[in-house]
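The block underneath contains the structure these notes are about, expressed in structure tokens.
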Amino acid sequence: MGETYVVQQGDWLSKIAAAHGYDSWKEIYYHPDNAAFRAKRPDPDLIYPGDVLVLPDRDPDSPGGDDPPEPSDKTYTATGGETLCHIAHEHGFPHCKRLREVNSAFADVAVLKKGDKVTIPEIRVEEKTKSNEAKHKFVRPSAPPEIYFVREDGNGYPATPVPSSSPSFDPHFPKSDPELRELNLTNYHINKAGDGTAAFAGEADFEHDLESSRDTDHFKVQVYDPKTTGDTIEVTLCAMRPEYTPVVAGTAKKYGSPSGHRFPASEDRKLKVSCKRIPTTKYFRSPYLRLVTTESDQAERSKQSLLVTDYYGVSTSGTPASVPGFPEKEQPKHPTEEEKPFVEILDHKVRGLYDVPICEVKKCVCVKDREIKLEAEIQLAVHVMTGSGRSLDDLREQIYKWMRRCLAQAHLRPHIKKIHTVAVPANMITLSDGDGRHARGKDASDAESKVTVQIDGHTFEYKPTAGDSPSTTAGKLKDLIEDGGYQVKGPFPVKVDGLAPVPNAVSSPQDMVILKGDGSLATVTSVHSTDTRQGIVLTDDTNVNDFKVDWPFQHRDGRSLHYNYRTDHFDIFVAGTTLKGVWNGGGLFGFSPYGAYDGWNTDIGPITFLNAAAGSASQKPFNPTHEMMHPLMHAEHTRETAGNKEIMNASTSTADGIDATKHICDAPIDIKYNVIGYGIVRLNGQEQTGRGGKKITETATSRLMKVSKFHNVAVDPSARSTAEG
């Protein structure tokens with residue numbers, strides 16, 4: 001056996017053979033001692049640095065033997081994402097023209113999919129005899145271009161780039177900036193960077209900018225192209241729309257995970273990106289880029305923002321132009337009116353396209369796809385009160401459009417599990433409301449006291465014993481009422497600020513909700529107690545335009561709705577013109593269970609109430625999201641001017657715009673929040689010390705995810721169905 005040789009960067013078999021005195025590379029490749037090498041590298045044109053060859057012994061003065069038989073046409077199985085020019089180059093052809101001639105099925109294909117079988121013909125060798133004293137230099141065909149998505153960490157512009165002739169040259173140079181496997185929607189105000197106050201680099205800024213790089217959701221497009229001689233190239237980015245295969249369940253269609261993706265049918269979801277050559281290299285890189293969810297942001301930075309958004313209410317007129325070279329299932333197509341509400345932002349993927357310049361027939365396109373991550377869905381139940389003035393479609397627009405755009409920044413999507421119009425009930429009774437007192441058992445004349453409840457003309461009466469707690473009296477009434485053919489929800493203990501339990505004298509008041517035997521709302525016509533200590537009250541305020549939800553959720557109006565209509569999801573209730581008793585006096589807030597994350601002083605929730613204006617997408621598009629995030633973050637508002645573009649600013653915007661309150665801060669954005677139980681801290685991922693010396697290391701997005709999962713309203717989307725319940 002001869003000596004061994006380790007393949008170096010820039011080697012090919014003919015070069016190795018010539019350097020070691022062989023007449024042909026075949027003497028090495030087909031020698032019996034290289035059988036293992038042939039099994040590893042069945043294509044002699046594809047060898048790699050580090051491969052080990054045996055250089056067989058031979059007499060340098062003897063003529064070479066007969067060439068072994070050269071293999072006939074071969075078949076190559078595509079791994080997906082390759083072009084015919086890529087495959088042609090790897091097999092010794094300068095471009096794809098010959099491969100297209102012998103592979104009619106791929107004659108017009110721009111990019112191959114995984115599993116495609118490509119026939120590789122024999123290379124045609126033509127010999128010509130001609131007197132010529134000129135020296136000729138063999139030039140190996142250049143590698144085809146590649147496209148990447150990278151994060152700019154400042155390592156893409158070394159002072160002295162490694163030349164391609166160097167053994168240490170890396171074809172993916174510059175390799176120090178990480179290649180991104182997925183992309184994220186930006187959480188920043190479109191013109192800001194750094195801690196949320198610095199300026200974001202512009203479209204003409206191709207080099208590293210420290211403040212812009214601090215947005216962990218930014219990205220750049222990078223292209224390797226050895227053939228282009230100019231200093232700029234162009235790449236097209238597309239927001240590939242997810243397409244769903246509907247499953248008919250009963251009378252409704254349900255949509256699960258996407259079954260594929262199509263090119264966008266409108267130009268506003270594409271972005272032409274200019275990439276500039278990295279000096280003295282064959283690499284080109286774009287300015288800083290972002291993915292955005294609103295048209296206003298895209299318009300403000302039209303050369304640096306790709307719009308990836310919903311289709312709710314979007315005009316889909318006209319027939320979109322086809323994209324040559326791609327399969328029918330990826331061709332642009334408008335979603336149907338039925339599908340539009342269910343097209344998720346986080347189901348999109350971003351596609352980069354670059355025309356391969358070495359392609360003589362101008363059909364090969366370099367393609368790179370990147371997904372956007374969906375981590376969880378927040379399940380919603382929306383209850384619109386009769387007479388509120390809001391339609392179900394008003395709330396659908398706020399959720400399917402505006403809430404979806406905001407939550408996508410936190411890798412969340414809203415999912416309406418239930419949406420309906422509900423009557424304001426008049427069926428909740430409360431024992432010892434506000435004071436929690438136990439019964440005396442006597443009336444004002446020292447006779448036996450009575451507690452009386454009248455329901456739909458039926459009278460139920462209980463005589464409390466001295467010392468009966470509110471829960472005891474409520475339990476006795478429940479038994480009587482259920483024996484009468486009704487259903488009773490509860491009793492539910494009521495938390496009251498400042499109420500100190502006293503043994504045998506004071507404990508929690510108790511709520512009970514009365515339903516008919518079939519589960520529909522009962523009408524409690526009257527309640528009365530003659531006991532001098534233990535009272536009973538009826539919640540029968542059906543004035544939807546004067547609804548009471550006193551802080552901290554003490555009023556019976558709000559409790560009555562919650563007990564009647566609560567679900568396992570996050571409940572949103574929409575009332576009329578005014579909600580009374582909330583801090584701002586205007587009428588909207590969100591509440592959460594007491595004790596969880598040192599939350600609000602109430603034992604029900606998480607829950608949100610909205611007034612009619614907040615239930616209108618034209619008046620308050622971002623408000624339902626804002627109110628929902630109070631209980632799902634156990635936090636109040638941003639506390640400084642820098643937070644005036646955040647969704648949790650004290651006053652939400654009345655319309656979309658680049659300065660609208662529509663962002664959820666993420667590291668390293670430095671926004672100050674009043675976090676319940678922790679005092680005022682900065683939700684920026686850095687360790688903060690809050691009230692009582694407590695430590696918190698969270699961002700607004702991470703806190704939203706954690707608290708939502710704690711309340712079991714944010715669930716794994718893997719078993720999802722986008723149909724409304």
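This structure is a prediction, so every number in the text was calculated from the model and none was measured. This chain uses plain numbering: 1 for the first residue, then up along the sequence.
At least one side-chain heavy atom of V707 sits less than 4.5 Å from a side-chain heavy atom of R703. Counting heavy atoms from C-beta outward, Q331 and E328 have side chains that approach closer than 4.5 Å. Looking at heavy atoms from C-beta onward, H637 lies out of side-chain contact with Y673 at the 4.5 angstrom threshold. Within the 4.5 Å cutoff, the side chain of V109 has no heavy atoms near those of the L84 side chain. In this structure the side chain of V365 never reaches within 4.5 angstrom of the side chain of V111, judged on heavy atoms.
A ring-centre distance under 6.0 Å is not found for Y188 and H663. Aromatic ring centres of F263 and F326: separated by under 6.0 Å. Between H626 and H630, the gap from one ring centroid to the other is short of 6.0 Å.
For D205, the side chain to side chain contact (heavy atoms under 4.5 Å, CB included) criterion is met by A201, not counting sequence neighbours. Take F219 and apply the ring-ring contact (aromatic ring centres under 6.0 Å, His included) test, not counting sequence neighbours, and it matches F149. Remark: H348 pairs with no residue by the ring-ring contact (aromatic ring centres under 6.0 Å, His included) rule, at least two apart or across chains. Listed by chain and number, the residues in a side chain to side chain contact (heavy atoms under 4.5 Å, CB included) with K97 are H95, E101, E360, V361 (sequence neighbours excluded).
S286 places a side-chain N or O within 3.5 Å of a backbone atom of V221 that can act as its donor or acceptor partner. Looking only at distances, a side-chain donor or acceptor of S702 sits under 3.5 Å from a matching main-chain atom of T699. For the pair K113 (side chain) and G81 (backbone), a donor-acceptor distance under 3.5 Å is absent. Listed for the E339 side chain is a donor-acceptor partner under 3.5 Å among the backbone atoms of T336. No side-chain donor-acceptor contact under 3.5 Å links R100 to the backbone of C96. The backbone N or O of Q8 lies less than 3.5 Å from a partner atom in the side chain of D11, making a donor-acceptor pair.
In this structure, CD on E152 lies 9.5 Å from OG on S212, to the nearest 0.5 angstrom. Taking CZ from R682 and CD from E687, the interatomic distance works out to 15.5 Å, rounded to the nearest 0.5 Å. Rounding to the nearest 0.5 Å gives a distance of 6.0 Å between CZ of F622 and OG of S653. Atom CZ of R262 is separated from atom SG of C238 by 14.5 Å, given to the nearest 0.5 angstrom. To the nearest 0.5 Å, atoms CZ (R639) and CD1 (I671) are separated by 13.5 Å.
Minimum heavy-atom separation, T228 to P357: OG1-CG, 4.0 Å. Nearest heavy atoms, I669 versus N684: O-CB, 3.1 Å. Nearest heavy atom pair, residue S274 against residue P287, reads O-CD, 3.3 Å.
Atom CD of E371 has 12 or fewer neighbouring heavy atoms from other residues, nucleotides or ligands inside a 6.0 Å radius. The number of heavy atoms from other shown groups lying within 6.0 Å of NZ (K114) does not exceed 12. Counting non-hydrogen atoms of other residues, nucleotides and ligands closer than 6.0 Å to NZ of K340 gives a total above 12.
When each of T294, T309, T293 is tested with R405 by the rule side-chain hydrogen bond (donor to acceptor under 3.5 Å, both in side chains), just one qualifies, namely T309.
Contacts classified as salt bridge (Lys or Arg N to Asp or Glu O under 4.0 Å) and involving residues 350-359 (residues at least two apart or in different chains) are given here: E330-R351, R351-D369. Sorted by first and then second residue, the salt bridge (Lys or Arg N to Asp or Glu O under 4.0 Å) pairs with a member in residues 181-195 read E179-R181; sequence neighbours excluded.
With respect to the salt-bridge test (charged N to carboxylate O, under 4.0 angstrom), the residues D153 and R151 qualify. One finds a salt bridge joining K373 and E375 here, because a Lys/Arg side-chain nitrogen approaches an Asp/Glu carboxylate oxygen to under 4.0 Å. The existence of a salt bridge linking K662 and D297 is confirmed by a sub-4.0 Å separation between a basic side-chain nitrogen and an acidic carboxylate oxygen. In this structure, D108 pairs ionically with K363, as a charged nitrogen and a carboxylate oxygen lie closer than 4.0 Å.
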Would you check, one step at a time, whether the test side chain to side chain contact (heavy atoms under 4.5 Å, CB included) holds for L291 with D217?
CA-CA 8 Å; L291 303 182; D217 297 328; over 6 Å; no
Could you check D231 against R277 for salt bridge (charged side-chain N to carboxylate O under 4.0 Å, His left out), going step by step and ending with a plain yes or no?
CA-CA 5 Å; D231 288 332; R277 185 185 295 274; 3.5 Å; yes
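Ring pair Y400/Y312 is tilted by interplanar angle, where 30° to 60° counts as tilted.
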